[in-house]
Amino acid sequence: MKTPSTVDIEGLAAGDRRTYQHVFDLFYDSLCCFANRYIKDLAGCEDCVQKTFIALWDHRTSISSEVHLKSFLYQVCHNNALNHLKHEQVKEQYLSEMKYETEDQTCFINEVLEEEVERILRQTEQDLPPKCREIFILAMQGRSTEEIAIQLGVTENTIKTQKKIAYKQLKKHVKDLYLLVILLTQ
Amino acid sequence: MKKLDDYMHIPRLIVKSMAEELNQEEQSLLEAWLHENNENQLLYQRIRSRSHRDEKKQFISQLNKKAHWQKLKRLTQASHRIPSWNKIKIAATVLLLLGFGLLAHLRNSSLEENSIKETPRTSLLQAKAGCSQVALITPRGDSIYLSTQEKKEINIHKNIQVTNGDSGIVYSLLESPVEKEEINILRTPRGGEYQITLSDGSKIYLNAATELHFPIVFNSEKREVFLSGEAYFEVAKDSTRPFYVNTAVARLKVYGTSFNVKSYASESMKTILIKGKVGICGHADTTEHLLAPYELLSVDSLGRFERIEKVNPSLAVAWHLGRFVFENENLEEILSTLSRWYNVDFIYKNEQVKSLHFTAYMERYEDLSFILNTITAMVGVKFSEQEGIILVE
């Protein structure tokens, strides 16, 4: 099933349950992966993400844009993860090891960026037919058209066509970029 | 400080660059970001290699996404929603008031049935107490997580052998003195317990949510440990070196003996002597009070001596023999003990029930629902599980 990549922010603010579920579908996996950077056990990660979505519901009216939505989710998830660690009484030990990684805002931002790239790629993969997905994954690992053609035993032209289909799908997930670029370059 | 919001366009740029679909403007934006610092360039390389893709997929495949959505749906629909802990309490109370009429006709069916129907797999009420696990923390700050199931030797110091196994952790001195006094910390989580034998042969049983600081070897003058929480001590006789137990509120001097100390933050400290002799001096007092066997001495949370009373010693120390016995304790005390042992939280629908006094003898390793059912049967207090806490009515 294809999930639209953009979120109806107004719908969310108005308390629309389907939009809320849509946000859950889009971000659940990635937030769990993100939490997993701090919390090692699966249940702890899911618990932390659950709390994050509860917080989103509580603050839904204050979410002003999709960018804001994302930074809200990752920021709250990050806080929850650190709180979770505190409860586990290992925070001290953890912080002493990870001080430079977690307390540094740059590092937090970079972790989010990495998780977001993976999320966009995963979502694109999800929407592709199997053969096309395989090619897309290889291409995203930096393989050239020629290499992929040899590995899969098909012509370079086939690869090019499939890549086009995949990139078209990918663009759906990155389409609001144009708007953003305009905003930033004003 | 940098704001995450200002960087949320970067992932899209990176993705596009991976697909070689960047236009000129986007290209320059990406480059500007890359030139901000070295870390960004490293990050970019790492992201492009997608080295964690399979690992993440594997992790994601284990998530219980559906179940969590169902739970979340319940949690966010219940009321207009709960921004703070206080509101949770209010909402839960309101729900309870509404719900008790309904619950009344279920009175005869057991608590276990009532609450487990709702959340069969994750019910708090099935919690078990006393799983043997502990964290051992060394002066270097390393935490070693141990359970009695795994037999192993722990390398702490070359002159000391430390083994872990069925009877907990055992420290034994291999060679004569260790010059520097190194302190180790043993910490049990809520719901855990552990046993340790110190280098002088003294045995200490740590109850749940307890921390013990001890030197790996005692010096030639005295033996001294620090305790927060509850522990049962069997101190080895050594007439030349007295044994001291320090807590947040008092200092105990021990003369070869068995006793139990319970000293959790915000509760008064209680010491029960089984045999031998101990002297206790609250931090706010100057006199030492001597305790005779089967006496309980309490020190309040400010370090002042409260009183000495006679007790049935099997009561307070039963925990380390796998039972628990409450004699004429109030419900609040009992539930706060249970919450430590079973790692659950209770909230009270009304305050009056807190002061109900009763006596109970139970096996400690029964699951929590059994114990709560028994309390319900005895005094009529009801328990129900709601979103990770247990409500008391």
Side-chain angles (χ1 to χ4, degrees), chain A residues 17 20-21 24-25 28-29 32-33 36 42 45-46 49-50 53-55 57-59 66-68 70-71 74-75 88-90 92-93 96 105-110 112-122 124 137 139-142 163 166-167 170-171 173-174 176-177 180-181 184-185, chain B residues 1-16 18-21 23 25-26 28-29 36-37 39-40 42-43 46-50 52-53 55-57 59-60 62-65 67-69 71-73 75-77 80-84 122 135 137 141-143 187 189 388:
Chain A
R17 301 292 293 181
Y20 183 56
Q21 183 168 9
F24 181 85
D25 284 338
Y28 187 78
D29 294 350
C32 286
C33 287
N36 190 226
L42 192 81
C45 291
E46 291 196 272
V49 173
Q50 170 110 5
F53 278 104
I54 290 175
W57 185 250
D58 290 342
H59 295 91
E66 221 177 314
V67 166
H68 184 197
K70 283 177 197 165
S71 59
Y74 283 107
Q75 187 74 61
E88 299 292 300
Q89 301 195 328
V90 294
E92 269 171 66
Q93 170 221 353
S96 63
Q105 179 74 0
T106 305
C107 194
F108 162 66
I109 290 173
N110 285 355
V112 172
L113 299 186
E114 191 172 355
E115 220 51 77
E116 268 292 291
V117 171
E118 278 297 316
R119 190 184 66 81
I120 295 167
L121 294 177
R122 261 202 312 275
T124 309
I137 292 170
M140 286 297 109
Q141 283 167 343
K163 266 167 84 173
Y167 290 172
L170 179 67
K171 275 187 192 160
H173 291 278
V174 293
D176 59 331
L177 182 60
L180 223 137
V181 171
L184 286 167
T185 50
Chain B
M1 192 168 77
K2 282 186 183 178
K3 271 178 63 199
L4 180 57
D5 281 31
D6 300 336
Y7 291 86
M8 284 315 279
H9 62 291
I10 300 292
R12 290 159 192 274
L13 293 175
I14 295 174
V15 167
K16 278 197 138 187
M18 288 166 81
E20 291 163 348
E21 296 271 326
N23 63 32
E25 221 164 357
E26 293 165 343
S28 56
L29 279 169
E36 247 178 46
N37 56 44
E39 266 162 53
N40 291 355
L42 289 173
L43 176 71
R46 189 166 72 233
I47 291 177
R48 283 208 70 143
S49 72
R50 298 200 75 193
H52 296 297
R53 178 180 174 275
E55 210 177 288
K56 281 190 198 297
K57 277 247 146 153
F59 174 76
I60 289 168
Q62 294 169 14
L63 296 172
N64 301 303
K65 190 171 178 178
H68 274 87
W69 169 246
K71 195 172 170 203
L72 189 66
K73 243 163 80 178
L75 287 170
T76 52
Q77 250 163 4
H80 259 270
R81 193 56 272 184
I82 316 179
S84 70
T122 54
I137 300 149
D142 302 334
S143 288
R187 193 185 278 162

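Please read all numbers here as calculations on a predicted model, not as lab measurements. To find a chain, count down the sequence lines: A is the first, B the second, and so on, and within it residues start at 1.
- When the candidates B:Leu63, B:Ile10, B:Ile47 are compared by the number of heavy-atom contacts under 4.5 Å with chain A, B:Leu63 comes out ahead.
- Contacts of A:Ile120 with chain B are made by side-chain atoms alone, with heavy-atom separations under 4.5 Å and no backbone atom involved.
- Residue B:Leu43 touches chain A through its side chain alone, counting heavy-atom pairs closer than 4.5 Å.
- Using a 4.5 Å cut-off between heavy atoms, B:Leu72 contacts chain A through both its backbone and its side chain.
- Taking the salt bridge (Lys or Arg N to Asp or Glu O under 4.0 Å) definition, one finds that A:Glu114 meets it with A:Arg37, B:Arg46, sequence neighbours left out.
- Annotation: maximal heavy-atom pairing with chain A below 4.5 Å, among B:Arg48, B:Arg50, B:Gln62, occurs at B:Arg50.
- Aromatic ring pairs are classed by plane angle as parallel below 30°, tilted from 30° to 60° and perpendicular above 60°; the pair A:Tyr20 and A:Phe53 is perpendicular.
- In this structure, the portion of B:Glu21 lying under 4.5 Å from any heavy atom of chain A is its side chain and not its backbone.
- Ranking A:Gln141, A:Glu118, A:Glu115, A:His68 against chain B, the residue ahead of the rest is A:Glu118, based on heavy-atom pairs under 4.5 Å.
- The closest side-chain heavy-atom distance from B:Ile60 to B:Lys57 is not below 4.5 Å.
- Residues A:Val112 and B:Met8 form a side-chain contact, since some pair of their non-hydrogen atoms from C-beta on lies under 4.5 Å apart.
- Between A:Ser71 and B:Tyr7, every side-chain heavy-atom pair lies at or beyond the 4.5 Å cut-off.
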*Walk me through it: do A:Tyr167 and B:Glu20 pass the test side chain to side chain donor-acceptor pair (under 3.5 Å)?*
CA-CA 10 Å; A:Tyr167 290 172; B:Glu20 291 163 348; 5.8 Å; no
